[in-house]
Amino acid sequence: MTPKVTIVNVGYRSTNYWVVSAGSSRLLIDLGWPGTMGILRANLARMDVPINELRFGVATHYHIDHAGLAQELKSLGMPLLVLESQVTAIPLMKASTKPADHCVEISLQGNRTISFAESRGVLAEAGISGLVVPTPGHSDDSVSVVLDDGSAFTGDLTPLALADESSAVVLSESWRRLKEHGAAMLYPGHGPARAFPY
Ligand SMILES: [Zn+2]
């Protein structure tokens with residue numbers, strides 16, 4: 001039987017960074033603002049999450065408030081999971097930063113690039129029952145982590161009420177996919193966790 005996972009938030013500056021733990025095997029979902037490793041380290045320490053227990057890190061999408069510390073975390077030994085739909089978004093993130101952001105460019109080397117179909121097996125390596133699904137809409141590279149207990153980590157997935165004409169079809173498909181995979185509790189990139197709204 002899989003042990004129950006715990007979920008804590010190590011976020012700051014109005015962005016959530018979620019740590020899913022199966023005992024001392026942990027997954028970090030979303031990866032900090034650029035230039036703020038000290039803050040993330042302090043928050044991880046306060047929540048009793050040793051960096052060397054981060055079995056994997058994954059960004060819900062490659063915007064700077066969600067993936068800003070990816071390369072520094074890799075340098076500290078955290079394997080970065082990159083979903084197949086995210087590969088081309090990684091080089092684009094740097095272009096949207098200013099020198100003052102101190103954003104360390106994410107190397108395409110040393111990442112663990114996987115397909116969505118492989119994600120369940122990879123999370124299982126960390127003792128976590130769930131998978132990663134594509135949930136484009138806010139951005140083409142947006143993904144969500146959905147655990148078998150119904151917890152869904154959705155990043156910046158736009159609520160349907162805020163969808164514009166150009167994104168409505170893609171967004172409703174993303175929300176439908178989450179529901180299909182049993183999403184019951186939403187852990188977004190900003191704002192509090194809440195019940196699945198649809
Ligand atoms: Zn975003």
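Numbering of ligands and ligand atoms starts at 1, following listing order.
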Which is the closest N/O/S atom of [X] when seen from the Zn ion (ligand 1)?
X: His63; result: ND1
X: His61; result: NE2
X: Asp156; result: OD2

**Report entry** Pairs satisfying side chain to side chain donor-acceptor pair (under 3.5 Å), at least one member in residues 71-86, at least two apart
**Finding:**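 Checked against side chain to side chain donor-acceptor pair (under 3.5 Å) - neighbours excluded - the pairs reaching residues 71-86 are Gln71-Lys74, Lys74-Asn111.
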Query raised in the report: Is the shortest distance from a Lys or Arg side-chain nitrogen in Arg176 or Glu173 to a carboxylate oxygen in the other one below 4.0 Å?
Result: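 Yes, Arg176 and Glu173 are salt-bridged.
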Query raised in the report: Do the charged groups of Asp101 and Lys94 touch, with an N to O distance under 4.0 Å?
Result: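 Result for this pair is no, no salt bridge flagged.
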Requested in this report: Give the intermediate values and the outcome of salt bridge (charged side-chain N to carboxylate O under 4.0 Å, His left out) for residues Glu118 and Arg112.
Outcome: CA-CA 11 Å; Glu118 289 169 314; Arg112 181 143 175 210; over 6 Å; no
Query - 2.8 Å cut-off met by an N, O or S atom of His138 to the Zn ion (ligand 1) - result: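 True for His138.
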